[in-house]
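A short worksheet on the structure shown next.
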Amino acid sequence: MVFRIKPISIATPGSLSHARIGLGVGILGGQYALNPTTTTESEVKAALAREEEKMNIMRRATESASTLPRKNTVVSKADLLAEKTKNEEAAMMADIAKLNSMSIRFTKFKTLLDMPVIDLEQLRKLSWSGIPEEIRSTVWKLLMGYLPSSADRREATLQRKRKEYEEYVAQSFGRGKATLDQALYHQIHIDVQRTHANIPLYQMPRIQEALEHVLYCWAIRHPASGYVQGINDLVTPFFHVFLQSSTKSDVDRADLEQVSPETLTEVEADSFWCLTKLLDGIQDNYTHAQPGIQRQITRLKELINRIDARLYAHLQTQGVEFIQFAFRWMNCLLMREVSLRNTIRMWDSYQAEGTDGFQDFHLYVCAAFLVKWTEQLKKLEFQDMMMFLQALPTDKWEDKDIELLLSEAYMWKSLFHNSPNHLSSAQGS
């Protein structure tokens, strides 16, 4: 699926949204809406700079107006109370508008999902801007191709695939762990113990055992690639989303006593099949010597040279090789760089991008992610730069930060993805 960005007529500063996609936090709105067939790279950068400067000016003006006292003016308690009431009313109206928007989007999703045969193209378009948590589990299974679009076939497919997975587990684990491939199981066991160490859910023995089942069963059925460290991370967004749909509280701290063994087995099975679908699309990343990742890193290097030549030159001057930091970005799909919650929001858009979302679109997300830290990186030398890249300050990132990153990645993809000459010329420069 390809989204086309068309110029729009609204020229209100700060009206930042995709013309067709409707991102809540975008960069392609107002008078700077972009047409990828005519817009040059310099025009894109200029548009970004102008929008950012406008937002900074507006932000500084607002902060100054709210914090500086007025000269020769006595502010009464009544004035302060009136101002507080006004601010509270504005915040309330903003919350109401947000809730209305969410309600409208939810209704659109439900209308699509209630169709006898779901229009997957429309579902992808709607999902790009984020999927409501209440229905994310179902939408992900559809977008990953695990569930059929026909409602009549859905339940039978679920039952058949879940039973098939249970047979896989019985074949491998039914005679005890002593009969397993010990080297493979040992590596998976160690990695699962370290998976999301900061989230209590993934330190629970029942959950760790479920992840071991998924990873081991996948590995022995894919001998060409086999298990590679990092795949343990990739199963957790699926597991998290599917388990969340079965619990009433925050899944991070879910009381597993309230989750039946049958439900947990279903979550495990669904996670296995969706992980299989994901890895089928990026299998070259995990075969011998991981050639898919090597190609992605080379493309990222070319792309950064084209997007931000000064940053590229600084990295080269300091002797920084892209493989030193970008290998993990490709191997774990940035899951070590942002929170699991951020990852889940990113994967809404990755799946909406279609079959290439976890590979081609991810490349542009990595480019936008690196460029985001340009100003900090250009001030650092090799050692400090590597330390910074290994622990980027994203711990307080919210959905709006991820949405801005995704919209920037979408822009770069629109400009460069169908213009390989841009990248080849950058490589030779």
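Computed from heavy atoms alone, side chains included, the values below leave out hydrogens, waters and symmetry copies.
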Smallest separation among heavy atoms of Ile118 and Met115, with atom names: CG1-O, 4.2 Å
Backbone N/O of Gly354 and side chain of Arg124: donor-acceptor pair under 3.5 Å: no
NZ/Lys277: more than 12 non-hydrogen atoms of other groups inside 6.0 Å: no
Heavy-atom side-chain proximity of Asn305 to Lys301 below 4.5 angstrom: no
Student check: side-chain heavy atoms of Trp397 and Leu405 closer than 4.5 Å: yes
Flag side-chain contact, heavy atom, 4.5 Å: His222 against Leu279: no
Full working for side chain to side chain contact (heavy atoms under 4.5 Å, CB included) between Ser246 and Glu266: CA-CA 10 Å; Ser246 302; Glu266 291 175 355; over 6 Å; no
Check against salt bridge (Lys or Arg N to Asp or Glu O under 4.0 Å), Glu398 and Arg341: CA-CA 9 Å; Glu398 301 176 357; Arg341 175 177 175 174; over 6 Å; no
Chi angles and distances behind the side chain to side chain contact (heavy atoms under 4.5 Å, CB included) call for His240, Asp252: CA-CA 8 Å; His240 212 82; Asp252 289 352; 2.7 Å; yes
Stepwise side chain to side chain contact (heavy atoms under 4.5 Å, CB included) check, Arg336 with Gln390: CA-CA 9 Å; Arg336 304 281 178 90; Gln390 292 298 319; over 6 Å; no
Donor-acceptor contact below 3.5 Å, side chain Thr287 vs main chain Gln290: no
Stepwise salt bridge (Lys or Arg N to Asp or Glu O under 4.0 Å) check, Lys125 with Asp119: CA-CA 10 Å; Lys125 288 181 180 180; Asp119 186 335; over 6 Å; no
Trp329 to Phe325 - nearest heavy-atom pair and separation: CD1-O, 3.2 Å
Donor-acceptor contact present, side-chain Gln296 to main-chain Gln359, <3.5 Å: yes
Plane angle bin for Phe416 and Trp412 - parallel if under 30°, tilted between 30 and 60°, otherwise perpendicular: parallel
Sidechain N-carboxylate O distance under 4.0 Å for Arg194, Asp191: yes
Pairs touching residues 281-297 that satisfy salt bridge (charged side-chain N to carboxylate O under 4.0 Å, His left out), sequence neighbours left out: Asp284-Arg295
Nearest-0.5 Å distance, OG1 of residue Thr247 to CG of residue Asp250: 8.0 Å
Check: Ser349/Arg345 side-chain N/O donor and acceptor closer than 3.5 Å: yes
CA sep, side-chain torsions, deciding dist, call: His189, Tyr185, ring pair (Phe, Tyr, Trp, His ring centres under 6.0 Å): CA-CA 6 Å; His189 179 75; Tyr185 175 73; 5.8 Å; yes
Distance-only polar pair, side chains of Tyr168 and Glu164, donor-acceptor under 3.5 Å: yes
N-O pairing of Glu353 and Lys413 below 4.0 Å: yes
Test log, rule ring pair (Phe, Tyr, Trp, His ring centres under 6.0 Å), inputs Phe322 and Phe327: CA-CA 8 Å; Phe322 276 66; Phe327 182 89; over 10 Å; no
Heavy-atom pair of closest approach, residues Ala197 and Gln203: CA-NE2, 3.2 Å
Validation row: Met335, Pro237 side chains within 4.5 angstrom (heavy atoms): yes
Minimal non-hydrogen separation, Tyr286 against Asn331, with atom names: OH-O, 2.8 Å
Distance, nearest 0.5 Å, that separates CD of Gln229 from CD1 of Ile231: 10.5 Å
Under 3.5 Å side-chain donor-acceptor pair for Tyr216 and Asp181: no
Side-chain H-bond candidate by donor/acceptor type, Gln208 with Tyr202, under 3.5 Å: no
Closest non-hydrogen atom pair between Val338 and Thr394, with its separation: CA-OG1, 3.9 Å
Spacing of OG1 belonging to Thr107 relative to NZ belonging to Lys110, to within rounding of 0.5 Å: 10.0 Å
Check ion pair Asp270-Lys141 (N to O, under 4.0 angstrom): yes
Student check: side-chain heavy atoms of Phe272 and Val169 closer than 4.5 Å: no
Residue pair Glu268 / Tyr165, side-chain donor-acceptor N/O under 3.5 Å: yes
Check: Trp128 ring centre within less than 6.0 Å of Tyr410 ring centre: yes
Donor-acceptor pair between Asp348 and Ser127 side chains, under 3.5 angstrom: no
Partner of Phe238 by side-chain contact (heavy atoms from CB on, under 4.5 Å), out of Tyr146, Trp347, Trp273: Trp347
Arg160 atom CZ: more than 12 heavy-atom contacts under 6.0 Å: yes
Glu133 CD: over 12 foreign heavy atoms closer than 6.0 Å: no
Shortest non-hydrogen separation from Arg105 to Ile131 and the atoms involved: NH2-N, 4.4 Å
Asp360/Arg299 salt bridge by N-O under 4.0 Å criterion: yes
Validation row: Val235, Leu278 side chains within 4.5 angstrom (heavy atoms): no
Minimum side-chain heavy-atom gap His417-Phe361 below 4.5 Å: no
Value rounded to 0.5 Å, distance of OG in Ser271 from CG in Leu243: 8.5 Å
Rounded distance (nearest 0.5 Å) linking atom SG of Cys332 with atom CG of Asp233: 4.5 Å
Check: Phe239 and Leu275 side chains under 4.5 Å, non-hydrogen atoms: no
Steps toward side chain to side chain contact (heavy atoms under 4.5 Å, CB included) verdict (Met387, Leu380): CA-CA 10 Å; Met387 291 178 64; Leu380 302 174; over 6 Å; no
Within 6.0 angstrom of Gln193 CD, more than 12 heavy atoms from elsewhere: yes
Aromatic ring pairing Phe388/Trp373, orientation class (parallel under 30°, perpendicular over 60°, tilted between): perpendicular
Atom pair SG (Cys274) and CG (Leu234), whose distance is rounded to the nearest 0.5 Å: 13.0 Å
